[in-house]
Protein chains: 2
Amino acid sequence: MANEDLTQIFDTIEYPEAYRITYLANAIVFPAYSAIKKDFGLVRAEYILLACLSHFDALTAQDVARISRRPRNTISRAVHRMLDDGYLDRAPDPDDGRQARLRITASGKELHVRISEYLRRRQDEVLGTLSKEERATLSALMKKAALNAAQLDE
Amino acid sequence: MANEDLTQIFDTIEYPEAYRITYLANAIVFPAYSAIKKDFGLVRAEYILLACLSHFDALTAQDVARISRRPRNTISRAVHRMLDDGYLDRAPDPDDGRQARLRITASGKELHVRISEYLRRRQDEVLGTLSKEERATLSALMKKAALNAAQLDE
DNA sequence: CGCATATTGTTCCAAATGGAACAATAAAAG
DNA sequence: CTTTTATTGTTCCATTTGGAACAATATGCG
């Protein structure tokens with residue numbers, strides 16, 4: 001250790017892009033996640049659920065699992081808690097007895113708006129050194145890769 | 001659900017860059033992580049430990065915790081398991097009785113090389129649609145942001 | 001139709017996780 | 001020097017996590 005530069009690994013690691021991506025993800029999500037847990041008592045699967053349902057009309061638990069790449073049972077538990085707390089509504093799908101359609105309630109939406117602020121703020125801090133153009137470029141390239149990733153595993 | 005486009009959220013989410021970053025991180029890390037756990041029986045903190053020690057001469061457990069943004073106790077446990085398995089060496093710091101200097105062994109390094117392959121391969125799949133120039137641009141911008149993030153919390 | 005196979009949501013259980021408190025050591029303050 | 005304050009690594013404990021098995025329903029195929 002000593003006072004070596006702890007960031008040299010950004011260049012020496014065998015998978016530099018993957019490392020930087022996960023590093024950035026951690027840098028954004030961990031502090032925001034801690035604050036959200038502390039201030040609202042929500043675990044990650046729960047605010048992911050809110051986020052998904054805020055941007056789609058109605059989803060099944062399975063949809064949320066796919067979108068968020070989390071195991072179904074994690075989502076299942078989150079659904080129960082959010083139902084109990086009144087942030088979600090659930091209605092059986094008339095065409096398929098196995099699945100249920102989930103919708104966010106007004107109070108769920110309101111909670112999501114408050115939580116998004118935490119993530120948006122931390123995102124802006126982490127990306128604060130990029131110029132407007134750099135940030136737009138980064139964003140566009142990440143979208144391209146993310147669309148590819150989404151397609152890879154479908 | 002229906003067959004709506006599950007990727008529309010990339011554009012509608014309140015924190016688009018943060019969302020894309022974590023989405024990409026998940027897309028790369030989750031499959032690789034599962035495979036590593038299955039094939040080598042290592043949990044995440046353990047291969048993170050290997051990765052850190054493969055790229056620094058000697059680190060304390062605390063250094064690793066800082067580099068990887070994980071709680072100290074998680075790292076502490078990983079250190080014990082890796083010591084037992086012979087992937088690490090530990091020596092008390094002569095100048096500071098509280099800390100111990102960790103080094104990777106030859107077999108630890110060998111294991112790290114094999115594991116990196118999983119991450120590198122998945123990284124290349126996910127970034128496969130980017131041109132060489134695009135990928136270089138993405139990589140450079142992420143490094144800039146990551147360096148900023150590293151500085152933010154020190 | 002009838003039977004194999006797949007999918008959805010759930011429960012079970014063992015393992016991983018992380019906050020908090022702790023002892024040991026070091027550094028800072030008086 | 002003595003007394004606070006900080007840091008390191010560890011253990012404890014409650015919570016979260018995710019793989020596996022499960023029942024219920026749906027789909028594919030003969």
Side-chain angles (χ1 to χ4, degrees), chain A residues 1-3 26 29-49 52-53 58-84 88-102 154, chain B residues 1-3 26 29-49 52-53 58-84 88-102 154:
Chain A
M1 76 122 210
N3 268 8
N26 290 347
V29 166
F30 284 3
Y33 173 65
S34 294
I36 290 167
K37 196 173 188 178
K38 188 164 157 287
D39 294 352
F40 303 100
L42 298 189
V43 301
R44 202 183 299 201
E46 287 163 359
Y47 73 70
I48 285 173
L49 190 53
C52 287
L53 291 172
L59 293 172
T60 65
Q62 181 74 295
D63 289 331
V64 177
R66 266 197 276 266
I67 293 173
S68 62
R69 290 175 183 272
R70 306 222 165 244
R72 280 166 308 165
N73 55 2
T74 304
I75 302 299
S76 173
R77 275 186 293 251
V79 167
H80 287 293
R81 266 176 291 196
M82 299 311 259
L83 278 173
D84 289 348
L88 254 60
D89 272 341
R90 180 167 60 172
D93 187 322
D95 301 332
D96 189 331
R98 295 168 303 179
Q99 52 192 22
R101 310 172 136 272
L102 305 170
E154 79 187 4
Chain B
M1 77 123 209
N3 269 10
N26 290 347
V29 166
F30 284 3
Y33 174 63
S34 294
I36 290 166
K37 196 173 188 178
K38 188 162 157 288
D39 293 353
F40 302 100
L42 298 189
V43 303
R44 205 183 298 201
E46 288 163 359
Y47 74 71
I48 285 173
L49 190 53
C52 287
L53 291 173
L59 293 172
T60 66
Q62 181 76 294
D63 290 330
V64 177
R66 267 197 275 268
I67 293 172
S68 63
R69 290 174 184 272
R70 302 216 171 249
R72 284 183 312 252
N73 56 4
T74 304
I75 302 299
S76 174
R77 275 186 293 251
V79 167
H80 288 293
R81 266 176 291 195
M82 300 311 258
L83 277 174
D84 290 347
L88 253 59
D89 271 341
R90 179 167 60 173
D93 186 324
D95 301 332
D96 189 332
R98 294 169 303 181
Q99 51 193 21
R101 309 174 136 272
L102 305 171
E154 78 185 8

Taking any heavy-atom pair under 4.0 Å as a contact, classify [X]: base, sugar-phosphate, or nothing.
X: A:R77; answer: base
X: A:D96; answer: sugar-phosphate
X: A:A45; answer: nothing

- Item | Pairwise 5' ranking along DNA chain D for B:A61 and A:G97, keeping only the more 5' one |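 In this pair, the answer is B:A61.
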- Earlier contact from the 5' end, DNA chain D, for A:V43 and A:D95: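 Closer to the 5' end of DNA chain D: A:V43.
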Could you check how far [atom1] of [X] sits from [atom2] of [N], rounded to whole Å?
X: A:R44; N: D:dT16; atom1: CZ; atom2: P; answer: 13 Å
X: A:E46; N: D:dT15; atom1: CD; atom2: C1'; answer: 12 Å
X: A:R70; N: D:dG18; atom1: CZ; atom2: P; answer: 6 Å
X: A:L42; N: D:dT17; atom1: CG; atom2: P; answer: 12 Å
X: A:R72; N: D:dT25; atom1: CZ; atom2: C1'; answer: 14 Å

How far apart are the closest heavy atoms of [X] and [Y], and which atoms are they?
X: B:I48; Y: B:S68; value: CG2-CB, 3.5 Å
X: B:L102; Y: B:A61; value: CD1-N, 3.8 Å
X: A:R44; Y: A:F30; value: NH2-CE1, 3.7 Å
X: A:Y47; Y: A:V29; value: OH-CG1, 4.1 Å
X: B:I67; Y: B:C52; value: CG2-SG, 3.8 Å
X: A:T74; Y: A:A45; value: CG2-CB, 3.5 Å

- Using heavy atoms and a sub-4.0 Å distance, could you list which residues of residues 30-38 of chain A are near DNA chain C? By number, please.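 Contacting residues: none.
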- Message: Pair B:T60, B:D93 - check side chain to side chain contact (heavy atoms under 4.5 Å, CB included), show working.
- Response: CA-CA 9 Å; B:T60 66; B:D93 186 324; 5.6 Å; no
- Message: Below 4.0 Å from chain B heavy atoms, what is the first contacting nucleotide of DNA chain C and what is the last?
- Response: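 The contact span of chain B on DNA chain C goes from C:dA16 to C:dA26.
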Contacts of [X] that satisfy side-chain hydrogen bond (donor to acceptor under 3.5 Å, both in side chains) - sequence neighbours left out:
X: A:R98; result: A:D96
X: B:R81; result: B:E46
X: A:D89; result: none

- Item | Toward the 5' end of DNA chain C, by each residue's nearest nucleotide, B:P71 or B:D93 |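 Closest to the 5' end, via its nearest nucleotide, is B:P71.
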- Item | Rounded (10°) bend between the five-pair end axes of the helix from C:dC1-D:dG30 to C:dG30-D:dC1 |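 Overall, the helix from C:dC1-D:dG30 to C:dG30-D:dC1 bends by 30° from one end axis to the other.
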- Should A:V64 and A:R70 count as side-chain neighbours, where that means a heavy-atom distance under 4.5 Å?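 Result no, sub-4.5 Å side-chain heavy-atom pair not found.
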